[in-house]
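Along the sequence shown, the residues carry numbers beginning at 1. What you are looking at is a predicted structure, and each value in this text was computed from that prediction instead of being measured.
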Amino acid sequence: MGRVQPQSETVWRQADKYRVPKIAYVNKMDRVGADFLACVEEIKAKLGATAVPICLPIGAEEKFQGIVDLISRKAMVYHPQDDSLVNYEIQDVPESMKDQVAIWRDKLVETAAECDDTLMEKYFEDPDSLTEEEIIAALRKGTIAMQIVPACCGSSFKNKGVQFLLDAVMRYLPSPLDIGETKATNLANNQDIMLPPTSTAPFCGLVFKIATDPFVGRLAYIRAYSGKLDAGTYVVNSRSGKKERVARLYQMHSNHQNPIEFVEAGDICAAVGFKDLRTGDTICGEGHQFSLESMEFPDPVIGIAVEPKTQNDLDKLGIALAKLAEEDPTFTVKSDAETGQTVISGMGELHLDIIVDRLRREFGVEINQGAPQVNYKEAITTSYQHREVFKKQTGGRGKFADIIVEIGPADEGVTGLQFDNQVKGGNIPKEFVPCVEKGFKFAMANGCLAGYEVQSLKVTLLDGSYHPVDSDQLSFEIAARMAFRHACPKCKPVLLEPIMSLEVVTPEDHMGDIVGDLNRRRGQIVAMDSTANGARIVKAFVPLSEQFGYVTVLRTLSSGRATSTMTFDHYAEVPASLAKEIIEKSGYKIADDDE
């Protein structure tokens, strides 16, 4: 009913990225301002999709009575006196809608014919000769090929149009057989293989969600891509290589579980009994180790310190946070080594507000929380060659490591440590090289400016030397950590801050105030659009540090009429004056590392 919202665009982009066929459903047709055909036009304009109405609403707002199926040209009419609102009557098209139905059915038939060459010829000969079965088959073909998006409408709260929507899902969306084989990696030889969506193939499934049920325990939601999985059998976790037993399988209906004996390719189920399973893990039948495409999760960008209100809740808080972190890979928990505080991090203020609410509601833990803190990061901008010699003699066997490294910015698009070993002639034994890499990885957790994590780093190990008696793995790891601390300040380090992609939908009257406020927040306006109903859309990049409490300010500026959506986009350099203030506030000092 609210037309195409920013959240709709986000979900749509994800579906396009992973080539997922779609059906559009316009809900809340009984609300004030509902306009099905305007929504369809907005889907075309905003999302670039060929939306095709397969039904029309009978009435709108408080007069919404049902829908007309454009293929069968029959009306599904619901009666207000029926409390269940599950039953409906099939009637002829209302007299007042016959012309409109004829126009939109012609458009539907024409679109269906464009999806099938054979049908196109038949359509040119006689448009009225196409049967219902042929139209449905052509629409299904176009939907699966992502050429069209069937659009229907209803009011879910009162079950109006829901039956038609479910029929449309069965008619037009693909079964696993339509999608075909799924690409996976065989970890035994590291080669790509194709898994057929049949029950006779080896079992392979993806764990896409972990949830905690107060009655059943830890539930792992699984999508089966190939093969068959029976309850009570064993599977192999491709990440850990360990075998685990599937105690029970459930078919989920909201928060109700129906026990089932097995699942096959294409099924979604919840499983109980796993000990070490995380979101994104691939599980396989015994004797196989496949890995499906991994799920990407962004790093948290905001954190707050939390503590239980009573000492008795300390253990309960730890258990609750561990369960929540298991469920949500974008939520992390860590203990600050300097202050001893527990810091929880997430994707934004709303994300952490929901976590705190769940702690109170589901786990019965009341907490005190600190002010939100931005997860800054650090980076270096120039390269520097450095020699680090670590030598320690305490009587008996000593410690010795000598490395020459070049430290610089990582290649574009690379995050984390990019390590290149160019040592020749065995000057550093091969068994010590991974220790140098490990030392740099460890050191990147604390940068040289304010102790924030270094986002990316390229280290080239050029040369070095070792002592046949005093050198060991720990010596080279410590040398790498010392080299990082001594060289990074000479590589012109900078502070990075998370930049959020913000989208504000506002009436025209409040446009100036909102844009002015974004400019004060160091926002960069990237686009201004208009919606079909006259509202304005402002798109901007804004630093997260300037966005605390923004929802409240936006309500004030727009008299509660504007809405906003904010997602993490990228990291960018903090202006020098602000960076100096942040660094001074952190009070971070590099410790002398003469371990």
J.: Decide yes or no for Q257 and R248: does some side-chain heavy atom of the first lie under 4.5 Å from some side-chain heavy atom of the second?
T.: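 No. Closest side-chain heavy atoms not under 4.5 Å.
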J.: My understanding is that only one of L37, V68, V93 makes a side-chain contact (heavy atoms from CB on, under 4.5 Å) with Q100; could you say which?
T.: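 It is L37, the one option of L37, V68, V93 that forms the side-chain contact (heavy atoms from CB on, under 4.5 Å) with Q100.
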J.: Are the side chain of R223 and the backbone of G205 linked by a donor-acceptor contact shorter than 3.5 Å?
T.: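 Checked: no pair found.
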J.: First locate atom CH2 of W104, then atom CE of M97, and finally report the distance between them rounded to the nearest 0.5 Å.
T.: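 One gets 11.5 Å once the value is rounded to the nearest 0.5 Å.
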J.: So does P300 get a backbone contact from the side chain of N375, meaning a donor-acceptor N/O pair under 3.5 Å?
T.: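 Such a contact is found between N375 side chain and P300 backbone.
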J.: Does the side chain of D178 come within less than 4.5 Å of R140's, by heavy atoms?
T.: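 A side-chain contact exists here, since the closest heavy-atom pair is under 4.5 Å.
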J.: Using modelled atom types and a 3.5 Å cut-off, is there a donor and acceptor pairing between side-chain atoms of S345 and backbone atoms of T332?
T.: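 Not confirmed, S345 side chain does not pair with T332 backbone.
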J.: Atom CG of L352 and atom CD1 of I304: how far apart are they, to the nearest 0.5 Å?
T.: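 Result: 5.0 Å between the selected atoms.
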J.: Walk me through it: do V263 and I222 pass the test side chain to side chain contact (heavy atoms under 4.5 Å, CB included)?
T.: CA-CA 10 Å; V263 289; I222 300 167; over 6 Å; no
J.: Test side chain to side chain contact (heavy atoms under 4.5 Å, CB included) on D517 and Y550; report intermediate values, then the result.
T.: CA-CA 10 Å; D517 180 66; Y550 181 68; 3.3 Å; yes
J.: If you measure from CD on Q91 to CD1 on I58, what distance do you get to the nearest 0.5 Å?
T.: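 It is 7.5 Å, given to the nearest 0.5 Å.
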J.: Could you give the distance from CE (M347) to CE (M566), rounded to the nearest 0.5 Å?
T.: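 If I round to the nearest 0.5 Å, the distance is 10.0 Å.
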J.: Taking the side chain as everything from C-beta on, heavy atoms only, tell me whether K539 gets closer than 4.5 Å to S501.
T.: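 No, too far: nothing below the 4.5 Å cut-off.
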J.: Report yes or no: do Y78 and S155 form a side-chain donor-acceptor pair below 3.5 Å?
T.: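 S155 and Y78 do not have a side-chain donor-acceptor pair below 3.5 Å.
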J.: Answer yes or no: is there an ion pair linking K44 with E41, defined by an N-O contact shorter than 4.0 Å?
T.: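 Salt bridge flag = yes for E41 with K44.
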J.: Using modelled atom types only, decide if a donor and an acceptor are shared between the side chain of T282 and the backbone of L292 within a distance under 3.5 Å.
T.: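 Answer holds: yes.
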J.: Look at the side chain of E134 and the backbone N and O of T131, then say whether any donor-acceptor pair between them is shorter than 3.5 Å.
T.: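 Checking the backbone N and O of T131 against the side chain of E134, a donor-acceptor pair under 3.5 Å is found.
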J.: Check whether S226 reaches the backbone of A265 with its side chain - one donor and one acceptor, N or O, closer than 3.5 Å.
T.: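 Looks like no, no N/O pair under 3.5 Å.
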J.: Does a salt bridge link R358 with E327, judged by any charged N lying under 4.0 Å from a carboxylate O?
T.: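 E327 and R358: salt-bridged.
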J.: Run H351 and I302 through side chain to side chain contact (heavy atoms under 4.5 Å, CB included) and show every step you take.
T.: CA-CA 10 Å; H351 187 189; I302 184 172; over 6 Å; no
J.: Between D529 and R536, does at least one N-O distance fall below 4.0 Å, as a salt bridge requires?
T.: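 A salt bridge is absent here (no side-chain N lies under 4.0 Å from a carboxylate O).
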J.: I want to check something: taking the side chain as every heavy atom from C-beta on, are I525 and N519 in contact at a cut-off of under 4.5 Å?
T.: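 The answer is yes, as the side chains (C-beta and beyond) meet within the 4.5 Å cut-off.
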J.: Do F274 and V246 touch side chain to side chain, with heavy atoms closer than 4.5 Å?
T.: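 SC-SC contact between F274 and V246 confirmed.
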J.: Please check if the side chain of H510 supplies one atom and the backbone of S559 the other of a donor-acceptor pair under 3.5 Å.
T.: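 Not at all, since once roles are kept as given, no pair shorter than 3.5 Å links the two residues.
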J.: Do L108 and L139 touch side chain to side chain, with heavy atoms closer than 4.5 Å?
T.: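 Yes, side chains in contact.
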J.: Counting distance only, does the side-chain N/O of R278 pair as donor-acceptor with the main-chain N or O of P329 below 3.5 Å?
T.: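 Absent.
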J.: Please walk me through it: do L70 and I54 pass side chain to side chain contact (heavy atoms under 4.5 Å, CB included)?
T.: CA-CA 5 Å; L70 290 177; I54 55 176; 5.6 Å; no
J.: Are any of the side-chain heavy atoms of K209 and T279 separated by less than 4.5 Å?
T.: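 They are not in contact (no side-chain heavy atoms under 4.5 Å apart), so the answer is no.
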J.: Could you tell me whether the side chains of D230 and T233 share a donor-acceptor contact shorter than 3.5 Å?
T.: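 No, no side-chain donor-acceptor pair sits under 3.5 Å.
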J.: Determine whether more than 12 heavy atoms belonging to other residues, nucleotides or ligands lie under 6.0 Å from atom CD of E293.
T.: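 Check fails, neighbour count at 12 or below.
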J.: Taking C-beta and beyond as the side chain, do F363 and L321 meet within less than 4.5 Å on heavy atoms?
T.: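 F363 does not reach L321 side chain to side chain.
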J.: What distance separates I144 CD1 from M146 CE, expressed to the nearest 0.5 Å?
T.: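 Nearest 0.5 Å value for the CD1-CE distance: 11.5 Å.
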J.: With rounding to the nearest 0.5 angstrom, report the CD to CE distance, E546 to M500.
T.: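 If we round to the nearest 0.5 Å, E546:CD and M500:CE are 13.5 Å apart.
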J.: Would you mind checking if R171 and D167 are paired as a salt bridge, meaning a charged N to carboxylate O distance below 4.0 Å?
T.: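 No, no charged N to carboxylate O under 4.0 Å.
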